[in-house]
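A, B, ... follow the sequence lines: proteins, then strands. Residue 1 opens every chain.
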Amino acid sequence: MAAPKTAITPTRQDNYAEWYQQIVKAADMAEVSPVRGCMVIKPWGYALWENMHKELDVMFKDTGHENAYFPLFIPISFLQSEAEHVDGFAKECAVVTHHRLTMNAEGKLVPDGLLEEPLIVRPTSETIIGATYAKWVQSYRDLPIKINQWANVVRWEMRPRVFLRTAEFLWQEGHTAHATEEEAREETHTMLKVYEKFAREYMAMPVICGEKPSGERFPGAVATYSIEAMMQDRKALQAGTSHFLGQNFARAQGIKFQDRDTQEKFAWTTSWGVSTRLIGALIMTHSDDNGLVLPPRLAPKHVAIVPIFKNDDERVTVVAHAKEIKKRLEAQRYEGDAIRVTIDDRDMRFGDRAWYQVKHGVPLRVEVGPKEIEAGTATVIRRNTLAKENQTIDQLVATVATQLQTIQNELYEAADKRLKSSSVRVNTRDELLAFLGDSEEGSMDKGGFAYAHFCDRPEMFEWLKQHRLTARCTPLDEPRTPGKCVFSGDATDTVGVFAKSY
RNA sequence: CGGGAUGUAGCUCAGCUUGGCUAGAGCGCCUGGUUUGGGACCAGGAAGUCGCAGGUUCGAAUCCUGUCAUCCCGACCA
């Protein structure tokens, strides 16, 4: 059977949504589980998450945060304490009402032992953590509290999509409490910048930092900031959020302290998080029609050595040689880590093994067979370009870190070029529609980021909804210039980014 | 949660309209052989209580009811 032209079918062009699912499958990232809306994250996907976790954790600690852990279950009364918060999350809460099972007459297990107060499975932890902080804080000397938790949360979503929107997902949530508004705002901003740095430097994913318009704000927040990324189908994906919660949650949870001036005051709190959605973002930013493409800084393996052999004799020689190369590569460092190398000498045909590594997105593939051993070289193939090059082993070892950095840079530049070439400035609603279109799901015909003056009124959100568009954010680096709202015609100095979104 | 579609072997699906004998194919998997520098070929083989629970019937993958799940479109969302 002839091989298809691309390793992944359909291609991005043919059906983007299906292409995404096929990438996840071909790269062994995850699969749907027997549990509604929940995914099984497979080792290759989880290794990627572990790398994200590891790098982010360092960044959190460098900005003065500590890790802690709070309960999975939250009493319903806690959720109720902040009105907007209830509105935002009540509809998607999993609820625990019983605490044991018994066997009924038909031999079926049924819930028994009704709880006095039902518990929800945390959709986010502002309330439980806030209630805890309330006990910890009495004096201004107890502030700030800067804690992060790595956890799983549950949001009973109606339309799950692997990594992008699952009922249960893994994330980190930072929760801080401060004595002053200024300090809390600063914290919100600092963490947004941490996310931006992580997206750009580790994920090789350009993002726009901005404040969410009122209609997109976190339930209960005074201000929500996000990093917005553009996927290859030119739809926006919110990749991380940082919320300034004002004193809303402090009031609701009773986080009070006595200040220097002897007055009792409510604390100012923040929360911020990124989730396994980042994996989805990574996939849709870099991958191509041949499978996953991973940025070297996060790739579980930097290099896959694929030995070529015809028979057992050759196999012994070539694999021994491959192990030598592996050892030498592992002695090199890239961005502070030892080079991560795997040898794929599985009992499979060479072509299958080569394609396996392509589909799994390993940045560098090194092929060695009897011919290379003879010549003292290796065939080196870069995943992002699939360009082949003959390199001596010495050359490879000496330049492997540089080659990885080149790939990292090229991935960022390609993504940045896409972002910039798909961003326009629009001055009317018609221009907005002409640019973003009303095109079908999965179509890549139209899309991108449209910059427009706007004044954040309910009518705008109504109109956007009708056209399946969203207001992403007001970019922080966008200068305030006088203009007219493209929706109402009123004068405004605020510019927003509009896009179709995930 | 509303509208639509689909659940048959590990995967993709045919069979269902018009109920009938031992439920099929391709891919994958296992064994043997030939191959092996780019996703192999030949031969043999294993594998399904037809999503689940009821009902109609002499007889149900097929008809009816319920239920669960998945996908698509809305609403919701990290």
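- Annotation: C68(B) and A23(B) have their C1' atoms spaced 25 Å apart (nearest Å).
- Taking atom CE on M52(A) and atom P on A78(B), their separation rounds to 18 Å, with Å as the unit.
- Per the geometry, CG belonging to D344(A) stands 16 Å off P belonging to G39(B), to the nearest Å.
- In this structure, the side chain of E374(A) does not engage the main chain of P370(A) through any donor-acceptor pair within 3.5 Å.
- Counting any heavy atom pair closer than 4.0 Å across all strands shown, W355(A) reaches a base atom.
- Between C76(B) and K465(A), a contact under 4.0 Å exists linking OP1 or OP2 to a side-chain N or O.
- Of the C1' atoms belonging to G15(B) and A25(B), the separation is 11 Å, rounded to the nearest Å.
- S422(A) contributes no side-chain N or O that, together with a main-chain N or O of L419(A), makes up a donor-acceptor pair within less than 3.5 Å.
- Between the P atoms of U18(B) and G10(B), the separation comes to 31 Å (whole Å).
- A donor-acceptor contact under 3.5 angstrom links the side chains of E372(A) and T379(A), judged on distance only.
- With centres under 5.5 Å and a plane angle under 30°, the ring of F169(A) is stacked against the base of A78(B).
- At the heavy-atom level, L164(A) lies under 4.0 Å from base atoms of the strands shown.
- Spacing between C27(B) and G39(B) at atom C1', rounded to whole Å, works out to 13 Å.
- Between the CG atom of D347(A) and the P atom of C29(B) there is a distance of 11 Å, given to the nearest Å.
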Please output the side-chain donor-acceptor pairs of residues 81-90 of chain A that fall under 3.5 Å, not counting sequence neighbours, one pair per line with the distance.
unit_1 : atom_1 : unit_2  : atom_2 : d
S81(A) : OG     : F78(A)  : O      : 2.7
S81(A) : OG     : Q253(A) : NE2    : 2.8
E82(A) : OE1    : E84(A)  : N      : 3.1
E82(A) : OE1    : H85(A)  : N      : 2.9
E84(A) : OE1    : G220(A) : N      : 3.4
H85(A) : ND1    : P219(A) : O      : 3.1

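- At a cut-off of 3.5 angstrom, the base of C77(B) holds at least one donor-acceptor pair with the side chain of R165(A).
- In this structure, the nucleotide among G38(B), G39(B), A78(B) sitting nearest to the side chain of R365(A) is G38(B).
- Going from the P atom of A14(B) to that of G7(B) covers 7 Å, rounded to whole Å.
- A donor-acceptor pair under 3.5 Å links the side-chain atoms of R155(A) to the main chain of P123(A), judged by distance alone.
- Using the Watson-Crick or G-U wobble rule with both distances under 3.5 Å, A5(B) pairs with U70(B).
- Map A239(A) and S33(A) each onto its nearest nucleotide of RNA chain B; the residue landing nearer the 5' end is S33(A).
- Of all nucleotides present, none satisfies the Watson-Crick or G-U wobble test against C16(B) with each distance under 3.5 Å.
- Searching all strands for a Watson-Crick or G-U wobble partner of U56(B) with both distances below 3.5 Å returns nothing.
- Between C21(B) and G59(B), the distance separating the two C1' atoms is 11 Å to the nearest Å.
- Here the C1' atom of nucleotide C71(B) and the CD atom of Q21(A) are 8 Å apart, to the nearest Å.
- With both ends at atom C1', the span from G3(B) to U49(B) equals 34 Å, rounded to whole Å.
- Taking atom CZ of R161(A) as the reference point, atom P of C71(B) lies 10 Å away to the nearest angstrom.
- The base-pairing partner of C21(B), taking Watson-Crick or G-U wobble contacts with both distances under 3.5 Å, does not exist among the strands shown.
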Enumerate all atom pairs, one protein N or O and one N or O from nucleotides 34-37 of chain B, separated by less than 3.5 Å.
unit_1 : atom_1 : unit_2  : atom_2 : d
U35(B) : O2     : R349(A) : NH1    : 3.2
U36(B) : O4     : K310(A) : O      : 3.1
G37(B) : O6     : P370(A) : N      : 3.0
G37(B) : O6     : K371(A) : N      : 2.8
G37(B) : O6     : E372(A) : OE1    : 3.4
G37(B) : N1     : E372(A) : OE1    : 2.5
G37(B) : N1     : E372(A) : OE2    : 3.3
G37(B) : N2     : E372(A) : OE1    : 3.3
G37(B) : N2     : E372(A) : OE2    : 2.4

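- If you check the side chains of E462(A) and Q466(A), you find no donor sitting under 3.5 Å from an acceptor.
- In this structure, R217(A) fails the cation-pi test against Y225(A), since its NZ or CZ atom is not both closer than 6.0 Å to the six-membered ring centre and inside 45 degrees of the ring normal.
- Side-chain contact, D112(A) with H98(A): no donor N or O sits under 3.5 Å from an acceptor N or O.
- Between the C1' atom of C72(B) and the CZ atom of R468(A) lies a distance of 11 Å, rounded to the nearest Å.
- One side chain, Q357(A) or D344(A), offers a donor N or O that lies under 3.5 Å from an acceptor on the other.
- Rounded to whole Å, the distance from CG on D28(A) to C1' on G28(B) is 14 Å.
- Atom CD in E31(A) sits about 18 Å away from atom P in A69(B), given to the nearest Å.
- Across all strands shown, A46(B) remains unpaired; no Watson-Crick or G-U wobble contact has both distances below 3.5 Å.
- Each of T166(A) and V32(A) was matched to the nucleotide of RNA chain B holding its nearest heavy atom; the match closer to the 5' end belongs to V32(A).
- G28(B) is unpaired under the criterion used here, namely a Watson-Crick or G-U wobble arrangement in which both key atom distances are under 3.5 Å.
- Look at the C1' atom in both A47(B) and G33(B): the space between them is 23 Å, to the nearest Å.
- Residue-level contact check: G37(A) touches the backbone only, with heavy atoms under 4.0 Å from sugar-phosphate atoms and none from bases.
- For W171(A) and N152(A), the side-chain atoms include no donor-acceptor pair closer than 3.5 Å.
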